[in-house]
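Worksheet: one structure, shown below.
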Protein chains: 2
Amino acid sequence: MKYSHKLSDAIHILAFVEIFQGGDVSSTMIASSIESNPSLVRRLMSQLAKADLLITRPGVSAASLARPAATISLLDVYRAIDDSQQLLHVDPKTSMACPVGRNIQSTLDDVYDRVQQAAEAEMAKVSLAEIIQDLQAKINA
Amino acid sequence: MKYSHKLSDAIHILAFVEIFQGGDVSSTMIASSIESNPSLVRRLMSQLAKADLLITRPGVSAASLARPAATISLLDVYRAIDDSQQLLHVDPKTSMACPVGRNIQSTLDDVYDRVQQAAEAEMAKVSLAEIIQDLQAKINA
DNA sequence: CTTTGGTGTTACTATTTAAGTTGCAAGTTA
DNA sequence: TAACTTGCAACTTAAATAGTAACACCAAAG
């Protein structure tokens, strides 16, 4: 688990639930598709439900999207599951005794924020519907 | 050290070297500004030198930028330092037995690539000169 | 109404990566 | 030569994610 796959797995879950709607969408079934374990899937599903992207019901495996896939963007999913909300990270420990160390953090905050905005703007352009459509096309091929 | 600060530290080094050109730009001095250790700084400086962004000399602390700061972009530094070169990571272990698991990787590869392009385009717009200018303004204030 | 199985949640363990550390050969200058 | 530096490699430490286990609670089926 070198890098975080939370975002990928969350999208995987949402796509799985939508594509196999009416079939078995239990955490165990989804876990086998992700090749992970049910507990991890339930944790992510819980976060997605809290972000109002997924509707779940205690005790019964009947998850479904909370809104049409076309109205769910990659950014919505990113915001639902990502903890740090940051793609780049400023070193929080620099010397206040040095002119550069004292000011570099706020300078980089500004710069990184611009990069973050650009990335998030692109994420906002991608809908879950597009991803599902792409998957369906590959499945049918 | 939960998140990587390599990029931030690399920019810190380049800015330090340029701002204190002619002064003490030893790895020990820079390390005290980053509040890290000289070995880590030398490792990063070595990577920057290999990427032709910094000129170093064995045995003597006389590092200097390899090109004018205006011609060094954040993207140049990012490419010199970042190991994975990826801001988002696709889960490489999904079930080939499942239609979704089998196809999700390539679908997400495409999507993540778009986000990466957007982020890198923004990084390309930021020059080291801008960062140094911003730092100098704060130092003089 | 009891059995079976799923969810929701928490706590814990394992793995992995970056950061920090140490050591030393080799280069440089006084 | 002496004192300092870089360059490089190996090792240790720390922190985040992934993986696992346990269990209370809920829901449908018999």
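From a predicted model like this one, the values you see are computed outputs, not experimental measurements. Sequence lines set the chain letters: A, B, ... in the order given, protein chains first and strands last, and positions in each chain run from 1.
Residues satisfying the side-chain contact (heavy atoms from CB on, under 4.5 Å) criterion with B/D52, sequence neighbours excluded, are absent altogether. Residues forming a side-chain contact (heavy atoms from CB on, under 4.5 Å) with A/A124 (at least two apart in sequence, or on another chain): A/L75. Qualifying side-chain contact (heavy atoms from CB on, under 4.5 Å) partners for B/S106, counting only residues two or more places apart in sequence or in other chains: A/K138. With sequence neighbours left out, B/Q117 forms a side-chain contact (heavy atoms from CB on, under 4.5 Å) with B/D113.
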Name each donor-acceptor pair under 3.5 Å that joins a side chain in residues 19-30 of chain A to protein atoms two or more places apart or in another chain, with its distance.
from  : atom 1 : to    : atom 2 : distance (Å)
A/Q21 : NE2    : A/V17 : O      : 3.2
A/D24 : OD1    : A/S26 : N      : 2.9
A/D24 : OD1    : A/S26 : OG     : 2.9
A/S26 : OG     : A/M29 : N      : 3.2
A/S27 : OG     : A/R42 : NH1    : 3.2

Could you go through residues 56-64 of chain B and list every donor-acceptor pair under 3.5 Å that involves a side-chain atom there, pairing it with any protein atom two or more places apart or in another chain?
none

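Put simply, the side chain of B/T94 gets close to the backbone of B/G101: a donor and an acceptor are under 3.5 Å apart.
What separates CE of B/M29 from P of D/dT5 is a distance of 12 Å, to the nearest Å. Whole-Å rounding puts the B/L40 CG to D/dT6 P distance at 14 Å. One atom, CD of B/Q47, and another, C1' of C/dA19, lie 13 Å apart when rounded to the nearest Å. Between the C1' atom of D/dA15 and the OH atom of A/Y3 lies a distance of 15 Å, rounded to the nearest Å. Atom CD1 in A/I81 sits roughly 14 Å away from atom C1' in D/dA18 (whole-Å rounding). Rounded to an integer number of Å, the gap from CG of B/N37 to C1' of C/dA19 is 8 Å. Taking atom CD1 on A/I13 and atom P on D/dA18, their separation rounds to 11 Å, with Å as the unit. At whole-Å resolution of the value, NE2 in A/H89 and P in D/dA15 are 15 Å apart.
Here B/R67 pairs with B/D76 in a salt bridge; the nearest charged N to carboxylate O distance falls below 4.0 Å.
Listed by first and then second residue, the salt bridge (Lys or Arg N to Asp or Glu O under 4.0 Å) pairs that reach into residues 117-132 of chain B are A/R114-B/E122, A/R114-B/E130, B/R79-B/E120, B/E122-B/K125, sequence neighbours excluded.
Listed by residue number, the members of residues 90-111 of chain A with any heavy atom below 4.0 angstrom from DNA chain D form an empty set.
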Pairs under 3.5 angstrom, nitrogen or oxygen only, protein versus nucleotides 4-9 of chain C, please.
from  : atom 1 : to    : atom 2 : distance (Å)
C/dT7 : OP1    : A/S27 : N      : 3.1
C/dT7 : OP2    : A/S27 : N      : 3.4
C/dT7 : OP2    : A/S27 : OG     : 2.5
C/dT7 : O4'    : A/G59 : N      : 3.0
C/dT7 : O3'    : A/R57 : O      : 3.4
C/dG8 : OP1    : A/T56 : OG1    : 2.6
C/dG8 : N7     : A/R42 : NE     : 2.7
C/dG8 : O6     : A/R42 : NH2    : 3.0
C/dT9 : OP2    : A/S46 : OG     : 2.8
C/dT9 : O4     : A/S39 : OG     : 3.4

